Protein chains: 2
Amino acid sequence: MSIEKTSDRALSQTVKAQLALRELVLRGALNPGERVSELQMVERLGVSRTPVRMALVRLEEEGLLEAIPSGGFAVKAFSEKEVFISIEIRGTLEGLAARLAAERGVGRSELLEAAACLDEIDEVVRREMLEIDLSQYVELNARFHRILIDMADSPPLARQIERASALPFASASALVPVQSRSPELHHILTVAQDQHRCVLTAIERREGSRAEAIMREHARIAHRNLERALTNQRDMDLVPGSALIKRRIRA
Amino acid sequence: MSIEKTSDRALSQTVKAQLALRELVLRGALNPGERVSELQMVERLGVSRTPVRMALVRLEEEGLLEAIPSGGFAVKAFSEKEVFISIEIRGTLEGLAARLAAERGVGRSELLEAAACLDEIDEVVRREMLEIDLSQYVELNARFHRILIDMADSPPLARQIERASALPFASASALVPVQSRSPELHHILTVAQDQHRCVLTAIERREGSRAEAIMREHARIAHRNLERALTNQRDMDLVPGSALIKRRIRA
DNA sequence: CCTGAGCAGACTGTATACAGTTAACGCGCT
DNA sequence: AGCGCGTTAACTGTATACAGTCTGCTCAGG
């Protein structure tokens with residue numbers, strides 16, 4: 001009504017509001033702890049109160065907002081510990097997925113698809129020493145993780161992992177960009193990729209327990225990246241949603 | 001407006017609708033796969049469309065409903081496998097909680113509270129051989145699990161476990177009543193209680209890995225109960241929400 | 001100058017009206 | 001009699017109006 005009217009025809013107002021609001025929160029346009037006023041969002045997003053309300057509820061379920069006792073929602077602030085445990089939760093669930101995949105056994109075609117994805121990552125990592133653009137790696141990494149989760153063939157688990165990855169810095173590749181300035185970049189990517197290969201081998205050989213352990217440890221790479229980001233503001237800025245993380249010291 | 005007007009003053013319409021709708025779904029008043037019409041619920045619950053809509057969204061996040069592509073929601077039907085994996089997810093997360101509790105170390109007062117809870121359960125189990133009422137056991141069991149989760153001191157993990165336990169038959173004590181007719185009842189409760197004691201000891205001694213393994217195995221008792229319920233309709237009827245589970249054979 | 005009470009503003013929770021779309025039902029044609 | 005098409009009815013998505021409540025500010029009293 002106020003901004004634009006002739007775009008995004010196919011998108012429902014609710015989805016539009018949800019995307020826009022998430023973007024605002026992750027960009028740090030709204031300060032953590034701050035109340036998110038419906039009416040303000042109405043004029044900021046150009047949709048009416050109903051879809052805004054809907055978006056608020058969904059983002060609260062997603063974990064980006066929290067309900068205020070007296071009503072309404074506020075931007076959630078995350079402590080370092082909360083981020084840490086969120087990563088651990090994701091790793092645990094992905095570990096479970098890997099174990100299930102190994103125990104049930106996966107078809108040849110799925111294994112080949114995963115292997116092909118890993119080959120592509122290999123290629124990117126090899127080039128990576130020269131080029132700094134990580135976007136392709138991030139995308140391929142996300143794809144491999146998705147393939148892995150699909151291998152478990154368990155919608156409820158997939159859903160739960162999606163939940164766990166909703167916190168922006170908890171997802172599989174959210175903290176990868178932190179290493180972009182690091183000389184260790186190639187080292188880290190090499191190790192991560194080796195874990196990818198190992199877990200796939202384990203699944204192929206039906207070694208459930210091993211597959212699980214590898215995926216758990218794999219997620220802990222994010223712990224290291226988090227540690228690094230927390231001590232370096234410049235690295236922090238590379239992470240979407242970093243504004244939501246309470247800094248260690250603020251003096 | 002249609003049914004009653006002078007009750008539940010303190011409850012918001014949204015919460016009222018959510019509770020009533022959940023009750024309807026779990027009782028099996030709505031058939032799995034069936035669309036849940038907003039207007040029908042309006043006249044059935046006595047609140048207007050807005051709170052009903054809100055309740056529908058929340059119950060979908062909870063996992064009891066699923067979105068219909070063309071709009072609206074339908075009652076979700078669960079396959080045997082989905083129930084199985086849901087239990088496994090809960091066990092895995094509770095295992096993580098136990099490990100975290102062990103690794104961080106918990107205070108004396110918390111340990112004592114948990115031990116006191118276990119003593120109460122002991123008493124109930126001892127009596128249980130005569131009396132058939134399991135409600136007290138179910139309540140105490142839930143309390144112990146809650147204490148355990150609190151020991152991890154991780155709100156994000158607690159939240160995720162709550163999510164995983166939202167599916168009625170996935171929660172810690174949903175399938176306990178299945179055993180109420182069984183001569184094995186005392187046996188099962190004894191084993192479960194031993195696991196409770198063991199996990200508490202493990203946490204006390206900071207044996208994280210052991211605590212985790214025990215909690216995982218502990219959850220798998222529910223697998224057995226599920227197995228039993230699936231082969232016996234009479235047992236099945238004791239489980240709230242059993243109407244949502246697709247039976248093995250339906251001929 | 002400080003404290004407490006009252007008032008005003010804003011904000012959320014709720015209800016309902018409206019429009020676009022989907023789906024079902026019935027009728028006609030083959 | 002079966003199939004396809006058109007019409008109709010219901011349902012969801014959206015917008016907005018209304019009422020209760022909480023918060024924060026101001027003014028008066030100590």
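Because only heavy atoms are used, hydrogens play no part in the values below, and waters and symmetry mates are left out as well, while side chains stay in. Convention: sequence-line order gives letters A, B, ...; per-chain numbering from 1. Just so it is clear, the structure is predicted and the values come from calculations on it, not from any experiment.
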Side chain of [X] (C-beta onward), nearest among [options]:
X	options	answer
Ser48(B)	dC22(D), dT14(C), dA15(D)	dT14(C)
Leu39(A)	dC22(D), dC11(C), dC18(D)	dC11(C)
Ser70(A)	dT12(C), dC22(D), dG13(D)	dC22(D)
Ser12(A)	dT14(D), dC11(C), dA15(C)	dT14(D)

Checklist entry - Tell me: NZ of Lys16(B) to C1' of dG13(C), nearest whole Å? => result 13 Å

Item to check | Whole-Å distance separating the CG atom of Leu56(A) from the C1' atom of dG13(C) | outcome: 13 Å

If every non-hydrogen atom of [X] is compared with every non-hydrogen atom of [Y], which pair is closest and at what distance?
X	Y	result
Ser79(A)	Lys246(A)	N-CE, 3.8 Å
Ala174(A)	Phe169(A)	CB-CA, 3.7 Å
Ala243(B)	Gly28(B)	CB-CA, 3.8 Å

Counting the atoms with a prime plus P, OP1 and OP2 as sugar-phosphate, which does [X] contact under 4.0 Å by heavy atoms, base, sugar-phosphate, or nothing?
X	value
Val15(A)	nothing
Val52(A)	nothing
Arg53(A)	base
Arg49(B)	base
Ser37(A)	sugar-phosphate

Checklist outcome for this item: Under the rule of Watson-Crick or G-U wobble with both distances under 3.5 Å, where | means paired to another strand and [ ] a crossing pair, DNA chain D maps to ||||||||||||||||||||||||||||||

Item to check | Derivation of the side-chain contact (heavy atoms from CB on, under 4.5 Å) call for Phe73(B) and Arg35(B) | outcome: CA-CA 6 Å; Phe73(B) 301 94; Arg35(B) 164 179 233 130; over 6 Å; no

